[in-house]
Protein chains: 2
Amino acid sequence: MADPAKRPSAAHTAYAVTKELILSGELPGGSLISEGEIAERVRVSRTPVREAFLRLESEELLALHPKRGAVVVPVPPGEAADVLELRLALERSAAERIARIGLRGDHHERMRELLRRQRALAEAADIGRFADADEAFHRCIVEASGNRLAGRFYATLGDRQRRMSITALRPRPERLSLLADEHEALLRHLLDGDSAAFASALLGHLTATHGSPYAAGRDDR
Amino acid sequence: MADPAKRPSAAHTAYAVTKELILSGELPGGSLISEGEIAERVRVSRTPVREAFLRLESEELLALHPKRGAVVVPVPPGEAADVLELRLALERSAAERIARIGLRGDHHERMRELLRRQRALAEAADIGRFADADEAFHRCIVEASGNRLAGRFYATLGDRQRRMSITALRPRPERLSLLADEHEALLRHLLDGDSAAFASALLGHLTATHGSPYAAGRDDR
DNA sequence: AGTCATAGATACAAGCTTGTATCTATGGGG
DNA sequence: CCCCATAGATACAAGCTTGTATCTATGACT
């Protein structure tokens with residue numbers, strides 16, 4: 001089959017497919033899988049699957065048990081709060097910098113476009129794609145700050161976030177419009193340079209969607 | 001060794017020990033265990049352990065995989081919110097009934113005693129025992145309503161609650177005093193017959209400790 | 001005291017998986 | 001076009017577990 005640049009290796013395909021199964025929730029935490037099972041699914045031999053498993057183990061998505069199988073590592077119950085707290089920190093920090101340096105036109109345009117897209121997806125009740133546009137909107141906020149490091153770090157939260165949003169975000173389609181409204185409000189605060197209002201609205205927004213990041217164990221309470 | 005009434009069977013011992021390991025978090029969700037491993041730990045043969053595993057499977061604490069082992073079923077990420085919502089519902093309902101019928105003296109005494117106990121444990125920084133006294137306090141609220149069914153149902157949330165509170169409640173010892181303060185406030189509202197204030201305070205209390213029950217997927221938002 | 005039933009110990013067979021070694025196919029470089 | 005290296009396929013051995021059958025010990029009842 002025709003493939004651009006270089007055909008991905010069997011090991012990489014096995015890795016990508018398995019990772020997607022985990023992140024999408026099709027293989028939930030606690031599942032017990034095997035090299036043979038994935039090999040059959042991806043239609044390769046066990047050798048590249050073995051390599052993929054090792055990689056996923058290093059990413060703490062799989063726990064390998066010799067001669068017994070691999071367990072999909074569950075999302076630790078407390079991690080939802082940890083990820084949320086980091087998201088809050090990164091986005092607030094981004095809003096403060098944007099208040100200082102302004103919001104570049106292309107970023108503004110991009111957010112507008114994402115908001116329009118969200119409206120359309122809310123109307124179509126497309127929860128999956130809405131979640132993608134939701135995530136892209138928040139990521140754009142962090143990237144708009146110009147802090148490349150923050151942008152990169154934020155992206156690594158994406159995988160962990162996906163595993164939680166699959167179960168946390170079980171919205172009725174009507175809620176999608178509310179979420180789009182809240183995104184509008186966030187953009188307005190950015191444009192006003194009001195990072196305090198942004199922080200407050202963001203906290204409400206994330207709390208309603210994902211629960212409170214200020215759960216037990218936090219030091220700032 | 002001397003034992004009262006009847007010595008518990010090996011199967012029951014294996015069951016109780018394994019369940020405690022799971023609820024306490026020593027065997028977290030995603031752990032892969034075996035009959036032999038537990039048999040060695042409890043010092044019995046595999047036969048009673050096998051029976052215990054079947055029981056734990058029916059309670060959805062273990063997932064058995066023939067010839068491979070048993071996986072400790074992880075706490076589903078969304079379940080924290082579900083359990084919290086039920087707790088809220090039961091405790092608010094109890095507060096409303098108590099507002100109507102009053103708080104019996106013995107229940108009042110019991111709660112006072114538990115609060116004193118919590119103060120002492122906060123001072124001793126005994127997080128484990130504090131959590132027990134915390135749980136007993138909330139359970140007493142539900143039992144004080146006189147609704148035996150609610151009391152029984154609330155107790156079944158106990159197991160699920162424990163698996164979450166181990167990770168959610170990672171408090172610094174200082175926070176224990178704050179929790180005791182909040183329990184004082186809850187009792188005061190009960191005594192005042194102010195179920196609305198009780199509901200509001202309870203929401204704040206549980207949200208701070210366990211995160212918001214009104215996460216995505218709720219219908220009342 | 002004897003008998004019977006049941007819980008549990010134990011040993012061996014069988015299932016499921018990984019680990020390892022060998023072979024093959026393919027692509028790149030000379 | 002040939003050779004070499006590497007990715008991957010495949011087959012068999014080995015590890016870990018459960019499933020099953022048999023035996024034993026203990027307690028209860030007669």
Side-chain angles (χ1 to χ4, degrees), chain A residues 1-22 27-74, chain B residues 1-22 27-74:
Chain A
M1 74 182 46
D3 57 346
K6 189 169 70 178
R7 177 207 292 270
S9 64
H12 185 267
T13 300
Y15 161 82
V17 168
T18 310
K19 183 166 181 172
E20 180 57 27
L21 289 172
I22 294 171
L27 284 177
S31 302
L32 182 61
I33 64 176
S34 66
E35 293 175 5
E37 174 181 345
I38 297 299
E40 206 170 306
R41 185 164 189 150
V42 180
R43 299 204 188 292
V44 294
S45 72
R46 283 179 38 227
T47 311
V49 176
R50 177 169 175 68
E51 185 177 323
F53 273 27
L54 292 170
R55 229 177 123 183
L56 291 166
E57 181 185 38
S58 73
E59 291 181 19
E60 295 180 9
L61 289 173
L62 280 185
L64 306 184
H65 298 272
K67 304 304 174 42
R68 296 159 82 183
V71 175
V72 177
V73 175
Chain B
M1 78 183 42
D3 57 347
K6 190 169 72 180
R7 176 206 293 269
S9 64
H12 186 266
T13 300
Y15 162 82
V17 168
T18 310
K19 183 165 181 172
E20 179 58 26
L21 291 172
I22 294 172
L27 284 177
S31 301
L32 182 62
I33 63 177
S34 65
E35 293 175 4
E37 175 182 345
I38 297 299
E40 205 170 308
R41 187 167 189 147
V42 181
R43 297 202 189 295
V44 294
S45 73
R46 282 179 38 226
T47 310
V49 177
R50 178 171 175 67
E51 185 177 321
F53 274 26
L54 292 170
R55 230 177 121 183
L56 291 166
E57 180 186 39
S58 73
E59 292 181 18
E60 295 182 8
L61 290 173
L62 278 187
L64 305 185
H65 298 273
K67 305 302 177 28
R68 297 158 83 185
V71 176
V72 176
V73 175

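Small disclaimer: the values here were computed from a predicted structure and weren't measured. In the text below, chain A, chain B and the rest are named by the order of the sequence lines, each starting its count at 1.
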Between atom CD1 in B/Ile38 and atom C1' in D/dT17, what is the gap in whole Å?
14 Å
How many Å lie between NE2 on A/His65 and P on D/dC16, as a whole number?
13 Å
Side chains of B/Glu59 and B/Tyr15: donor-acceptor distance under 3.5 Å anywhere?
yes
Side-chain N,O (B/Ser34) to OP1/OP2 (D/dT17) below 4.0 Å:
yes
Protein-nucleotide distance (B/Glu35, atom CD; C/dG15, atom C1'), rounded to Å
14 Å
Which residue, B/Ala10 or B/Pro66, contacts DNA chain C at a nucleotide closer to its 5' end, judged by nearest heavy atom?
B/Ala10
When you match A/Ala11 and B/Phe53 each to their closest nucleotide on DNA chain D, which lands nearer the 5' end?
A/Ala11
Would you say that more than 12 heavy atoms from the other residues, nucleotides or ligands in this model lie under 6.0 Å from the CD of B/Glu40, or not?
no
Integer-rounded Å distance: C/dT18 P and B/Lys67 NZ
16 Å
Going by side chain to side chain contact (heavy atoms under 4.5 Å, CB included), A/Leu62 matches just one of A/Leu27, A/Val71, A/Val72, A/Leu54. Which one?
A/Val72
Whole-Å distance separating the CG atom of B/Leu54 from the P atom of D/dT20:
12 Å
With a 4.0 Å cut-off on heavy atoms, is A/Thr47 in touch with a base, just the backbone sugar-phosphate, or nothing at all?
base
Which is more 5' along DNA chain C, the nucleotide nearest B/Arg46 or the one nearest B/Glu51? Just name the residue.
B/Glu51
Just to confirm, is there a sub-4.0 Å distance from OP1 or OP2 of C/dT17 to any side-chain nitrogen or oxygen of A/Arg68?
no
